[in-house]
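For reference, the structure discussed in these notes is given below.
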Amino acid sequence: MTVIVWDGKVLATDRAATDGAAQWQTTKAWYFGEGRDCLILSGSGPVQAILQMRDWFVGGALRNEFPSVQLTSHFCHFVVVSPYVGLYRFEQGVPPIDHGYEPCAFGEGRDFALGAMSMGANAAKAVEVANKHSIHCDLGVATYELEYSKDAI
C-alpha cells in the first residue's frame with residue numbers, strides 16, 4: 001500500500017508498510033549509481049515483486065531475465081527516474097512506459113495525489129494529502145531528487 005508521486009523534479013513517497021494487521025515505517029525508494037548516472041528506483045505493489053524488479057534492474061535489466069512475477073496478477077509498477085529522460089515505469093513487460101517529466105502518481109493513494117497536484121501541490125504536498133485521506137498511505141513523506149535535472153543537462 002503506497003503512494004508514489006512525481007512532479008517532474010522530485011519523487012515523493014509515503015513511508016508506511018503493512019502486513020494487513022500492523023503498520024511500520026519503511027523506505028520505498030533507492031538511489032542507484034552516482035553523479036550524472038544516478039537514478040531513483042521505486043515501486044508500488046507487492047513488495048516481493050518490487051524487490052525482484054529492483055534486483056533485475058540493478059543486475060543489468062536483461063530481457064531474458066525479466067522477473068516472472070511481473071507476468072502474473074501480482075505484478076508491481078516499477079519506477080525509474082533518470083536525469084536524462086525523467087520517469088519511466090515497468091509493468092508486465094520489458095519495454096518501459098515513458099512518463100518523462102510529466103507529473104504522475106502510482107499506488108493506492110494516487111487519486112488523492114493527482115487531485116492535489118491538479119490544485120498546484122508539489123510531490124511532497126501531494127503525498128501529505130494522500131496520507132491524510134487514504135487508509136493505505138501514512139507515516140510521513142520521503143523525497144528524492146537527482147543532483148542533475150533536465151535543465152542542467
Side-chain angles (χ1 to χ4, degrees), residues 1-114 117 123-124 126-131 134-150:
M1 309 300 181
T2 292
V3 63
I4 299 169
V5 180
W6 169 245
D7 64 13
K9 184 176 179 179
V10 173
L11 185 86
T13 72
D14 71 313
R15 303 281 319 267
T18 181
D19 61 9
Q23 192 177 53
W24 62 92
Q25 198 171 70
T26 191
T27 300
K28 295 187 176 182
W30 309 271
Y31 289 104
F32 173 66
E34 296 179 14
R36 288 186 181 265
D37 295 324
C38 187
L39 304 172
I40 302 168
L41 310 178
S42 188
S44 66
V47 69
Q48 286 302 320
I50 295 165
L51 295 176
Q52 287 180 38
M53 285 297 293
R54 183 186 68 182
D55 291 348
W56 169 77
F57 188 86
V58 168
L62 301 174
R63 181 178 291 273
N64 64 337
E65 294 179 10
F66 190 73
S68 59
V69 69
Q70 287 298 101
L71 305 176
T72 72
S73 60
H74 302 291
F75 72 96
C76 71
H77 296 270
F78 186 73
V79 171
V80 178
V81 176
S82 162
Y84 302 106
V85 297
L87 185 144
Y88 56 98
R89 169 176 56 104
F90 292 93
E91 285 184 354
Q92 293 184 291
V94 176
I97 300 161
D98 182 18
H99 293 272
Y101 295 95
E102 291 297 315
C104 52
F106 309 97
E108 295 286 339
R110 74 182 168 273
D111 294 337
F112 295 111
L114 289 170
M117 285 197 301
V127 171
E128 287 179 21
V129 169
N131 284 351
S134 174
I135 63 170
H136 302 290
C137 310
D138 204 0
L139 299 183
V141 178
T143 59
Y144 304 84
E145 187 172 358
L146 296 176
E147 181 179 343
Y148 301 97
S149 69
K150 68 177 179 177

Backbone N or O of T26 within a donor-acceptor pair of the R15 side chain at under 3.5 Å? yes
Measuring from atom CD of E108 to atom OG1 of T2, what distance do you get when rounded to the nearest 0.5 angstrom? 8.5 Å
Taking the inter-plane angle between the rings of H99 and F106 on a 0 to 90° scale, is it parallel (under 30°), tilted (30 to 60°) or perpendicular (over 60°)? perpendicular
State, yes or no, whether a side-chain contact exists between W6 and E102 at a heavy-atom distance under 4.5 Å. no
Measuring from atom NE2 of H136 to atom CZ of R110, what distance do you get when rounded to the nearest 0.5 angstrom? 10.5 Å
How about W24 and D19: do any of their side-chain heavy atoms sit closer than 4.5 Å? yes
Validation row: L87, V80 side chains within 4.5 angstrom (heavy atoms): no
Taking all non-hydrogen atoms of both residues into account, name the closest pair between S42 and F78 and its distance. O-CD1, 3.3 Å
Residue pairs passing the side-chain hydrogen bond (donor to acceptor under 3.5 Å, both in side chains) test with at least one member in residues 68-79, sequence neighbours excluded, are H77-R89, H77-E91
For L41 and V79: C-alpha separation, side-chain torsions, deciding distance, then whether side chain to side chain contact (heavy atoms under 4.5 Å, CB included) applies. CA-CA 6 Å; L41 310 178; V79 171; over 6 Å; no
Any donor and acceptor pair, going by atom type alone, linking the side chain of T27 with main-chain N or O of A29 inside 3.5 Å? no
Exercise: identify the closest heavy-atom pair between A49 and F75: CB-C, 4.4 Å
Of all heavy-atom pairs linking C137 and A130, the shortest is CB-O, 4.1 Å
Exactly one of V5, T13, I4 clears side chain to side chain contact (heavy atoms under 4.5 Å, CB included) with V127, and that residue is V5
Check step by step if side chain to side chain contact (heavy atoms under 4.5 Å, CB included) holds for F32 and V58. CA-CA 8 Å; F32 173 66; V58 168; 3.6 Å; yes
Non-neighbouring partners of A16 that pass side chain to side chain contact (heavy atoms under 4.5 Å, CB included), sequence neighbours left out: D14, Q23, D138, L139
Testing the basics here: between A12 and V141, what is the closest heavy-atom pair and its distance to 0.1 Å? CB-CG1, 4.3 Å
Hey, could you give me the OH/CG distance between Y144 and L11, rounded to the nearest 0.5 Å? 8.0 Å
Please find the pair of heavy atoms, one from P83 and one from Y101, that lie closest to each other, and give the distance. O-OH, 2.7 Å
Taking atom CZ of F112 and atom CE of M117, what is their separation to the nearest 0.5 Å? 14.0 Å
Check against side chain to side chain contact (heavy atoms under 4.5 Å, CB included), D55 and Q52: CA-CA 5 Å; D55 291 348; Q52 287 180 38; 5.8 Å; no
Looking at W30, F57, Y31, which one forms a side chain to side chain contact (heavy atoms under 4.5 Å, CB included) with L39? F57
State the SG-CG distance between C104 and L114, to the nearest 0.5 angstrom. 8.0 Å
If I compare all heavy atoms of D98 with all of Y88, which pair ends up nearest, and what's the gap? CA-CB, 4.2 Å
Rounded to the nearest 0.5 Å, what's the gap from CZ on R54 to SG on C76? Could you check? 11.5 Å
Please test E145 against K9 for side chain to side chain contact (heavy atoms under 4.5 Å, CB included), starting from the C-alpha separation and ending with a verdict. CA-CA 7 Å; E145 187 172 358; K9 184 176 179 179; 2.7 Å; yes
Using modelled atom types and a 3.5 Å cut-off, is there a donor and acceptor pairing between side-chain atoms of T18 and backbone atoms of A22? yes
